[in-house]
Protein chains: 2
Amino acid sequence: MPAVSDCINMLDSETKAVETPEDHAEELRLWLRLLTCTTLIEGEVRGRLRQRFDVTLPRFDLMAQLDKAPDGMTLSDVSKRMMVSNGNVTGLVERLVESGHLDRRTSETDRRVQVIRLTKLGRAEFRRMAAEHETWIADLFADLSPKDVRELMRLLAKTKASAQKSAARRRP
Amino acid sequence: MPAVSDCINMLDSETKAVETPEDHAEELRLWLRLLTCTTLIEGEVRGRLRQRFDVTLPRFDLMAQLDKAPDGMTLSDVSKRMMVSNGNVTGLVERLVESGHLDRRTSETDRRVQVIRLTKLGRAEFRRMAAEHETWIADLFADLSPKDVRELMRLLAKTKASAQKSAARRRP
DNA sequence: GGAAATCATTTTAGGCTTAAAACAATTCGG
DNA sequence: CCGAATTGTTTTAAGCCTAAAATGATTTCC
């Protein structure tokens, strides 16, 4: 419910309601702050992955998805999970197969489908990177109390739901 | 202070302390959720900018920086503000000058420096896009109460500070 | 004054990313 | 069954992005 004061400039000099855009500055500031946090952390992680393991963040992310799926995933699954385009995954997988980290085969039951999984090498390297990665994240969030973490989790869950709803409204 | 139960598996069968990696699963989950939220919203904004105005998000972001600086900015300033590489800005600016949205000139007092500003066209188009953009953001965050927004702002400020501190520790 | 360090920007090489179109295989509806 | 939609993937064209090296201008410090 908007306060009376918020309505003052919705009335013109003749005290007739006019179309005045609502003020959404707070949400805008929130979005910019969210983006800043993510960019900051992402850049840091990207740099450390490159320095320590000479690997890119997208490759690491892709391997992380596969590590959770011992039986492999289809390219579409990966693309949905990573929230990136299909063509993007095609290229990433190409390079990771080339470097021996991924195994790729056409599904027996549906010849459209490509199933990819980590190779032994891929899994071993990922585990090694993931262990260190986890300590970086812990360090980056070190000044948040457990309560802060819980509260952020809760609010971000709410944010995600809100954004998904809004996206669905536009593209039903 | 860790609870006693957290220490149980830090003792091996002979009741001697062993090196056990700490559990940072919560922070990791928090980071993934933060990333998911940002990716979701960013993708939505990117798509809407393209559909409605045929403009990319990086171009919009760059114009947003310049809109706040009527006297223009140097490329370095822009690069720092946007948290992207210098070379990246060079390319973006090139295309925006080409399309008539930006004006670029060498500083009178320091011939290393390039000062860029919005042209009349650039400013007009940006204002038009920004107004609509603000409503998208408001809609994406619509299910958050004002209190949620405040609380999220607070926690993200804390997160940003923590991450900056951690980044500074590595790269002093 | 001049060499050395610093600073702002550009270039380079490689990879990431997207939207849209194209292709290929499967499923669905008559 | 068979044509039409759908689905999974790849290709294409364009743009974004980075780190590192190169270039050019300015400042610093003997």
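We name chains A, B, ... by the order of the sequence lines, and we start the count at 1 in each one. The figures here come from the full heavy-atom set of this structure, side chains too, leaving out hydrogens, waters and symmetry mates.
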B:Glu134 side chain vs A:His24 backbone, donor-acceptor pair below 3.5 Å
yes

Side chains of B:Ser145 and B:Asp148, donor plus acceptor under 3.5 Å:
yes

Given that A:Glu108 and A:Arg95 both sit by DNA chain C, which one's nearest nucleotide is further toward the 5' end?
A:Arg95

Hey, where on DNA chain C does chain B first and last touch, going 5' to 3'? Cut-off is any atom under 4.0 Å from a heavy atom.
C:dC7 to C:dA20

Salt bridge check, A:Arg59 against A:Asp61: does any charged N sit closer than 4.0 Å to a carboxylate O?
no

Indicate yes or no: does A:Glu98 engage A:Arg95 in a salt bridge with an N to O separation below 4.0 Å.
no

Are the side chains of B:Arg128 and B:Phe53 in touch, meaning some heavy atoms are under 4.5 Å apart?
yes

Under a 4.0 Å heavy-atom cutoff, the residues of residues 33-66 of chain A touching DNA chain D are A:Arg50

Can a donor-acceptor pair be found between the side chains of A:Asp110 and A:Ser107 at a distance below 3.5 Å?
no

Taking only the side-chain nitrogens and oxygens of B:Arg111, find out if one of them lies under 4.0 Å from OP1 or OP2 of D:dT26.
yes

For the pair B:Arg123 and B:Asp67, find out whether any cationic side-chain nitrogen is under 4.0 Å from an anionic carboxylate oxygen.
yes

Answer yes when A:Arg170 and B:Glu44 have at least one side-chain N-carboxylate O distance shorter than 4.0 Å, and no when they do not.
yes

When every nucleotide of nucleotides 2-10 of chain D is labelled 5' to 3' by its protein contacts under 4.0 Å (heavy atoms), B for base, S for sugar-phosphate only, - for none, what sequence of letters results?
-----BSBB

Under a plain distance cut-off of 3.5 Å, with no hydrogens placed, do B:Asp139 and A:Ser166 share a side-chain donor-acceptor pair?
yes

I'd like to know if the side chain of B:Thr74 reaches the main chain of B:Gln114, judged simply by a donor and an acceptor atom lying under 3.5 Å from each other, with no hydrogens or angles considered.
no

